[in-house]
Amino acid sequence: MNKLVDLTIDGKKIQARQGDNLLQVALDHGIQIPYLCYHRKLSPTGACRMCVVRLKDQKGLVMSCTVEVQEGMEVTAFDEELEEARKRTLEYLLAEHNDHHDNTYYDEFLYWVQHYNLDRRDKRSYPNIYKQMRYPVDDSSPILSYDGTKCIKCFRCIKACDEVQGKNVLSFSQRGLASYIVAGIDKWRDSECDGCGECVQLCPTGALVDKPHRDEINLDKVEKMVRTTCPYCGVGCQILLYVQDGKIVRSDGVEGVAPNDGRLCVKGRYGYDYVQSEDRLTQPLVKKNGEFVESSWDEALDLIATRFNEIKQKYGSQALGGYGSAKCTNEDNYIFQKFIRVVFGNNNLDYCTRLCHASTVTAMLKSLGSGAGSNSIEDFARADCLLITGNNMIETHPVTATFVKNGQYKGNRIIVCDPRWTKMVKYADIWLQPRVGTDVALLNGMIRQIIKEDMIDQTFIEEKVEGGMESFETLKKLVEPYTPEETERITGVPGEKFIEAARIYARASRAMIATGMGLSQQQVGTNMVFSLINMMLITGQIAKEGAGIDPPRGQNNVQGVTDIGVSPINYPGYIPVADEENRRKLAKLWNVPFESMPAEPGHTTVELMNAAYDGEIKGMFIMGENPMMTDPNLNHTEESLKKLDFLVVQDIFHTETTPFADVILPAASYAEKEGTFVNSDRRVLRVRKAVEKPGGAEEDWKIILRMAEKMGYDIGSYNNAKEIFEEIREATPIMGGVTYQRIEHEGLQWPCPTTDHPGTPTLFLEKFSTSHGQGILNPVDYQPQTEPASEEYPFVLNTGRILYQYHTSTMSRRNKSLNDFANEAYVLMNPADLKKNGLRNGDRVKLSNKRGELETVIRESDGVTEGELFMPFHFSEGMVNKLTRSELDPYSKIPPYKYSACKVEKV
Amino acid sequence: MTQQTRIALRNAGSIDPLSIDDYIAAGGFQAFEKALKQKPGELVSELEASNIRGRGGGGFPTGMKVKFTDKADRPADGMKYVVCNADEGEPGTYKDRVIMEQDPHLMIEGMLLAAYAIQAQKAYVYIRGEYADSIRKVEQALKNCYNKGYLGKNIRSSDFSLDIEIRLGAGSYLCGEELTLLESLEGKRGYPRIKPPFPANVGVFNKPTLINNVETFALMPWIISEGSQAFTAMGTEKSPGTKIFTISGDVEKPGYYEVVMGTTLRELIELAGGMKGGSAFHAAILGGAAGSFVNESVLDTPMGFDTLKEVGATLGSGAVMVMDSQRSLYDMMASILDFFAHESCGKCVPCRVGTTMLVKMWEEVKRKKNGNRTVMLEKMEEEADYMQKTSLCPLGGSPIIPIRSAVQYFKNEF
């Protein structure tokens, strides 16, 4: 840290760090030097000339935004000449500016114009020439409008796009007075702009304004602005919802707080309209004679209680099960798991992580003792080397990716490992492109090289790895056959490439891993992550600041749901169901007899569905989950659901699953309730109510409590979500020190066991969370697929996501803004394959295998390797999961979504 | 009668510019061979002692620049750069073109000397895109140097290596301003950087960079072979050495003339054959568009950076536009103001709006037949003064020069 120095501004004595930005220091001390082009998040530009000051012993005027604080500086910020200069600068701006204002945006320029008494045209000295300049207006983007007549050419949008979001889409066109902003080379719509809106948020005038609801929004009529957490992915961006006439009309990023510091992606900024969609479920629906009929809460819940109790009586409590929801709050899920355990009386509960990061969590739990990311979002910009495996971060975790790009810009090395091209490859030093499913071989090959070139951290192995050098020798022996030639043969990655990658990773002073679905959603997913962790442990790239393994989480609260114990094998706080002492404690807390606390592990997600198919499970309660889109082998899933005697689905919309329900219950969305989420870096974040629930919809936890009551059980009474959270603190030691009050302004990262604990940004600094406190090596061999591509099914189908839609798109597809960007199903195929099969870009094709078939459109792409296909799973008209299989990973029980063999035929 | 003193132009016109053998036969590379036997620090000292001022227009002491770049901390990859500013954008200036077209090896030798002094490994020549002939000739000259072992690795069996590459401009006056040039050279849009930091510390690709004008480099070989004292013996005390002046306008023989600093305007016009058709001298613009109007009272002022500054005029790039009484000073001023409005990059408010504001105000002067034009001129001076105080780069600070000089010397003419 730089040393503290003393300076004066207009005689006021101030202390700051040497080299600090003079303008920022002044602002921080309440000295309101005017500025327009400066912004805290951007590098100084020096374009507007408003922040002009005078320095003692220096001739002329200087811009305070470009001055670094030095010891003994004497600054004059306000005097007659400076004020005159500022006023004239504003007058100059007014001459080229269209100052018509419609109250749909905050206008920093207008603020200064009024401050200097220039708001009336008759007070101005220069003629206005903006009309002659014919600045263009570009309204083509789905989500913003650019009005060149209001642009003051301050560079903020360009820098926001370059420096904050790392996208480099914006630039000036023309020169001098005629300059205006363009996206790409001309029209915004045709550019690479992905709608993150950073430019809009930072624009100081009405040049860039959000398009959605612009015809309605009036900043004077906005009733409230509610700070909450984004409901889409697991980054946990803090957003500010503007509510007008009881409706959400805008979403801004909240500046200056973790994890996103004002940054958002297109979904967080423009994906809120689904909340007020007409499709929202508003009344309980009961199936009568094959049709859904609106009913009262009492009628619906009475029916549910009767039927569930019947099943329990007739078949035993093991015949019931449920899916929790990673979209719901911790409070909702805590009550859910209590319900299953106390009311159903079993541990047959699970949730979507089983389909997502199960392998990652399983492997990490076994090797490190904790399945949550070891670092924080800032570390993505700080790690000298970032290894991104099987994670299309720019599209799936956009804001985390912006930190990666910030780091890359400063010189951090990026290695991407992905069978297909993703945008991150543009920022990478090396792109390893292994064949789908061969990552264990690749990683073993890299480990072998690291050992061969003695790039291991022996001290670390001896002190922090269980079994020390002996375990290491076992690993060394196992990887011996993975020579560069053999590894290349299996994976298709050239030896020099992965050797270079291994060197960069091993030799970095701080290296971090971001691992995603590419490794987890595989039949050998757990093994893949084991190999990753093996490499991490022998190089000592963990248990220190800025190093470790951080799997970006997909859902807004999947981390929370994991922590809260919606799990067949763990109670809240990762304590195994078998742990008797914990069961005793919980029984007391829940006020139920100890004997009734289920101690046997239950079924996992896919196993639950299989058990339904087998007739073992008769009744299910599905909360906020859409298995008819997300489970593998959908035809089989459909059969399973049909076989159930009774199915209750609780959601905010009709989904592909609701048709199979006997009762549908309408729930409240994230914007209609209080609660908490936990994001990817273990941060407990507040969720706040912004608008009223539609019709008769209720908070999930309230519904479940009533359901329990109807079934004859008392699982607690709570007046509000906060009271539930107080109980969560007691049941979940890692969150013991978190309170609503403490997280009012910014979230806290668990472990946070006591109320004076500051939270934990980096895990494992002292020891690992395994029983002996040491990391564990798990040497594993490469195993080929059990269903490889064959002559009959020659293509390998890879599945995944895109930026503009979200998972089963029940939420995202109900936003015009997002649909304007992308709303069609497609499958990507390599050009050589197109040629070989007599196909053309845009052809309609049928994909099929022994499990099912679907029809969709071909898109040519050299981003996928020959023999491989990629299809996003968002679109119900192209349900990829009809083709995926349910041969589960033996440890994590995850289905291998990333690899299915299929054939392609022209339609 | 004044004579030319041709140092930068000593070979121009008398050798085949594309023949490196001709250049060597005329004494070329002797300075560089001499330098290779010396320590780099000695060259730095010699250039400093010569007191040479930058010949591009700014007149900054070159020796100081060399010293700063030499002293700058060497970055982790060890790179330091030399850049030759061959953008020659100042209207009325065409001397660098002459050097590049008639003696390109001389410019290269100067760059070699400078690179050796600061131990740079890579250099660029940034040539304005319109100079097709210069580009072609410099390209050939560079090839010649590589073939003869004067560029590349271990030049003339020494430890010193240098690569030189050409980069082209594309129609922007501002890209001749050193900070903007660096941006353009790096492939970005031509917007000036904020200074400090200066190129000596943060230049091309953020590495220490010595950037000088073509003519400045062209003078270096002579300084090294003949010695700094021989250089300071010529010219004025604060502006030693010679200067190529490019004269245009109402003279008999417009063209380029290299004379010692301190030569007067009268002497220069004489050298250029006197006023055309014997007409009477009325005005001259010294220094280009960012130049000053002067009347006959300046005819006998020695032309040097400081001597001209004392009388409210500028030496600038050495452009001299001579006018007889038939010329419209109004049109000249309009042309200059149009030029600045056209060339303003648009980054900072005062220059972006101000340059157009000045054009409009000057147009109004023409319309106001009975209005007080002098008052308007003084109003324009006020705007230009504000621009000069608050603009980001020297372009915004340029209109004040012609305007103020017009007020000083020709107040009642408009």
Side-chain angles (χ1 to χ4, degrees), chain A residues 36-37 43-54 58-63 65-68 70 81-82 84-97 109 125-130 132-133 151-155 158 162 168 171-181 411, chain B residues 75-77 170-175 179-180 183-184 187-197 205-206 338-361 363-364 379-380 382-397:
Chain A
L36 281 168
C37 70
S43 65
T45 307
C48 73
R49 317 313 277 175
M50 290 288 289
C51 68
V52 67
V53 297
R54 211 194 300 281
Q58 202 163 314
K59 240 187 354 164
L61 307 176
V62 295
M63 302 305 135
C65 71
T66 61
V67 172
E68 291 182 357
Q70 305 290 343
E81 190 191 354
L82 294 168
E84 264 307 303
R86 292 176 185 136
K87 187 162 179 215
R88 197 183 295 242
T89 303
L90 282 171
E91 294 237 44
Y92 270 26
L93 277 169
L94 283 164
E96 61 168 8
H97 183 264
F109 177 53
S125 320
Y126 303 97
N128 190 294
I129 53 172
Y130 91 81
Q132 298 164 31
M133 297 310 298
C151 181
I152 58 168
K153 301 136 178 112
C154 65
F155 281 82
I158 295 176
D162 289 357
N168 306 306
S171 176
F172 277 111
S173 179
Q174 306 305 313
R175 182 166 81 188
L177 193 59
S179 307
Y180 56 90
I181 299 287
Chain B
D77 63 0
S172 163
Y173 165 72
L174 193 54
C175 286
L179 289 164
T180 314
E183 290 287 285
S184 174
K188 305 183 221 158
R189 274 175 70 96
Y191 290 113
R193 295 180 181 178
I194 296 167
K195 61 180 174 188
F205 308 120
N206 295 334
D338 273 339
F339 175 75
F340 285 127
H342 180 74
E343 296 291 345
S344 170
C345 73
K347 179 169 177 180
C348 77
V349 180
C351 171
R352 173 174 85 231
V353 181
T355 48
T356 296
M357 216 50 90
L358 289 173
V359 169
K360 295 215 177 287
M361 288 167 90
E363 277 171 1
E364 234 190 282
K379 251 189 88 188
M380 287 166 63
E382 200 190 303
E383 300 298 335
D385 185 59
Y386 153 78
M387 283 166 65
Q388 192 263 331
K389 275 197 227 153
T390 56
S391 287
L392 173 59
C393 87
L395 196 156

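Just so it is clear, the structure is predicted and the values come from calculations on it, not from any experiment. A, B, ... follow the sequence lines: proteins, then strands. Residue 1 opens every chain.
In this structure, no portion of A/Leu36 lies under 4.5 Å from any heavy atom of chain B. Contacts of A/Phe155 with chain B are made by side-chain atoms alone, with heavy-atom separations under 4.5 Å and no backbone atom involved. Looking at B/Ser172, the atoms closer than 4.5 Å to chain A (heavy atoms on both sides) sit in the backbone and in the side chain alike. Within the 4.5 angstrom heavy-atom criterion, no atom of B/Gln388 approaches chain A. Looking at A/Ser179, only its side chain comes within 4.5 Å of chain B, counting heavy atoms on both sides. Contact of A/Ser171 with chain B is made through the side chain alone, with heavy-atom distances under 4.5 Å.
Between B/Thr356 and A/Glu96, the closest side-chain pair of non-hydrogen atoms is not below 4.5 Å. A heavy-atom distance below 4.5 Å is found between the side chains of A/Leu61 and B/Thr390. Between A/Glu91 and B/Met357 there is no side-chain heavy-atom pair separated by less than 4.5 Å. Between A/Pro127 and B/Lys360 there is no side-chain heavy-atom pair separated by less than 4.5 Å. B/Leu392 is not listed as a side-chain neighbour of A/Met63, based on a closest heavy-atom distance of 4.5 Å or more.
In this structure, A/Thr66 OG1 and B/Arg193 CZ are separated by 14.5 Å, a value rounded to the nearest 0.5 Å.
No donor-acceptor distance shorter than 3.5 angstrom exists from the side chain of A/Arg49 to the backbone of B/Pro350, with no hydrogens or angles considered. At least one donor-acceptor pair under 3.5 Å links the side chain of A/Arg175 to the backbone N or O of B/His342. Proximity of a side-chain donor or acceptor of A/Tyr92 to a complementary backbone N or O of B/Cys351 within less than 3.5 Å is not detected.
By number of non-hydrogen pairs under 4.5 angstrom with chain A, the leading residue of B/Arg352, B/Lys389, B/Glu383 is B/Arg352. Between chain B and the residues A/Cys48, A/Ala95, A/Ala85, the largest count of heavy-atom pairs under 4.5 Å involves A/Ala85. Ranking A/Glu84, A/Met50, A/Glu68, A/Gln174 against chain B, the residue ahead of the rest is A/Gln174, based on heavy-atom pairs under 4.5 Å.
More than 12 heavy atoms of other residues, nucleotides or ligands sit less than 6.0 Å from atom NZ of B/Lys188.
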